[in-house]
Student: 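For reference, the structure I am asking about is given below.
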Amino acid sequence: MKKKAQVSDRFRDFDANLTTRPWIVLGMGLRRFEKFFSSKNKVMMGLVVIIYLWTLAFYVLLGNSEDYPCRDFVDEYKSCVPLNYYGDLGSQAGLRLFIISLAAIASGGMIGNDMANKSLHLYLSRPISRIDYLIARFIPVFLLLLMVTAVPNLMVAIAMWSDTGLETEWITNHKWLFVDILVQGIFYSAAYSIIGLTFSTILKKESNASGAFFLFVYGTSIIAETFFSILTAFEIDGSDGVLLLSVSHLLDMISYAIFDAKYYVMAFGWPWEVDIGGTEVGVVFTFIFAGCCGFMYWMILQMEANK
């Protein structure tokens, strides 16, 4: 009886009033998003609270509207608050650790649990396709991450505007700022969501998928920075390209391009400019995103074929 109740509970995602596929997919996504904030997800809710408190303390209360959003750093480099937000705790008081941890927890069991207990077959027996199912699982993770990427950054921007007395001139001088912050958050949220879901599909077990995702993001970053530092020290041409192997650095490159700032990496205590074209960055990002989507679709197809 308990098992039947669990299966029945899963299909509360479906509603008799949701008669069309788009509404079914959206309904599944939004209902799963709501479940993130249930009392069962204390760690997840705790991370969200920490992110907002950290933003309030370091970016709103200690922020300076005169230096917002960017100030000159050294040798024509810029230090921008919306960019530092995605940095590491130590160097930039950034929230990367918390955001990645939240993405790992949220995405870890999203698809893997459905595959492990075979409920995926029941979902696909409904009037939705494999692509519909993947979109329905992408929506909740993406919305949750958007809440801790774009939304806090927008709050900081509004707080800085408030410090100036809510002057209209400030808005005209920063007319693209809010759009840039939103686009920046969309890129980070979409990338972390799709990669996290891919690990969930591969490993199936929630804890393994969450851990593997976390290690992948930070592991590739550490490896890329290490090789970049070594190659740069020996002045080897093409050392910049190794940074494309890191998801974090790839997203940072996109982020810096959005804010029209030179992308640099700290090595040997000094900022080193990274000369990688926008085309290369766009191709790598597209390859990762499309590759993850294609791989998940193939995995689900194989599971259906072997049932």
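Values below: every heavy atom of this structure, side chains too, minus hydrogens, waters and symmetry copies.
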Student: My understanding is that only residues two or more places apart in sequence, or in another chain, count here; which of them pass disulfide (SG to SG under 2.5 Å) with C292?
Tutor: none

Student: So which atom in S246 and which in S221 form the shortest heavy-atom distance, rounded to 0.1 Å?
Tutor: OG-CA, 3.4 Å

Student: Write down the atom of G94, the atom of L89, and the distance for their closest heavy-atom approach.
Tutor: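 Smallest interatomic distance, heavy atoms only, reads O-CD2, 3.1 Å.
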
Student: Give the minimum heavy-atom separation between I171 and F178, together with the two atoms involved.
Tutor: CD1-CE1, 3.8 Å

Student: Flag yes if L301 and F138 sit in one hydrophobic cluster, no otherwise; membership is Ile, Leu, Val, Met, Phe, Trp, Tyr, and two members link when side-chain heavy atoms are under 4.5 Å apart.
Tutor: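 No, separate clusters.
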
Student: Following the transitive rule for hydrophobic clusters with a side-chain heavy-atom cut-off under 4.5 Å over Ile, Leu, Val, Met, Phe, Trp and Tyr, establish whether L145 and F37 coincide in one cluster.
Tutor: yes

Student: Tell me, please, whether Y123 has R137 positioned over its six-membered ring: NZ or CZ under 6.0 Å from the ring centre and within 45 degrees of its axis?
Tutor: yes

Student: Could you go through the side chain to side chain contact (heavy atoms under 4.5 Å, CB included) check for Y52 and M155 one step at a time?
Tutor: CA-CA 10 Å; Y52 276 87; M155 289 172 52; 3.5 Å; yes

Student: Could you tell me if the side chain of K35 sits less than 4.5 Å from the side chain of K40, heavy atoms only?
Tutor: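 Not touching, per the 4.5 Å side-chain cut-off.
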
Student: With sequence neighbours excluded, tell me which residues meet ring-ring contact (aromatic ring centres under 6.0 Å, His included) with Y192.
Tutor: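 Checked Y192 against ring-ring contact (aromatic ring centres under 6.0 Å, His included); zero matches.
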
Student: Could you note down all residue pairs passing side chain to side chain donor-acceptor pair (under 3.5 Å) where residues 170-188 supplies at least one of them, sequence neighbours left out?
Tutor: Q184-S255, Y188-D252

Student: Got more than 12 heavy atoms from elsewhere within 6.0 Å of NZ, K205?
Tutor: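 Not buried by this count: 12 neighbours or fewer within 6.0 Å.
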
Student: Counting C-beta onward and ignoring hydrogens, is there a side-chain heavy-atom pair between D88 and L97 closer than 4.5 Å?
Tutor: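 Counting from C-beta outward, D88 and L97 never come under 4.5 Å.
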
Student: Minimum heavy-atom separation for I51 to T55, with atom names?
Tutor: O-OG1, 2.7 Å

Student: Do L53 and L102 sit in the same hydrophobic cluster, where Ile, Leu, Val, Met, Phe, Trp and Tyr count as joined when their side-chain heavy atoms come under 4.5 Å apart?
Tutor: no

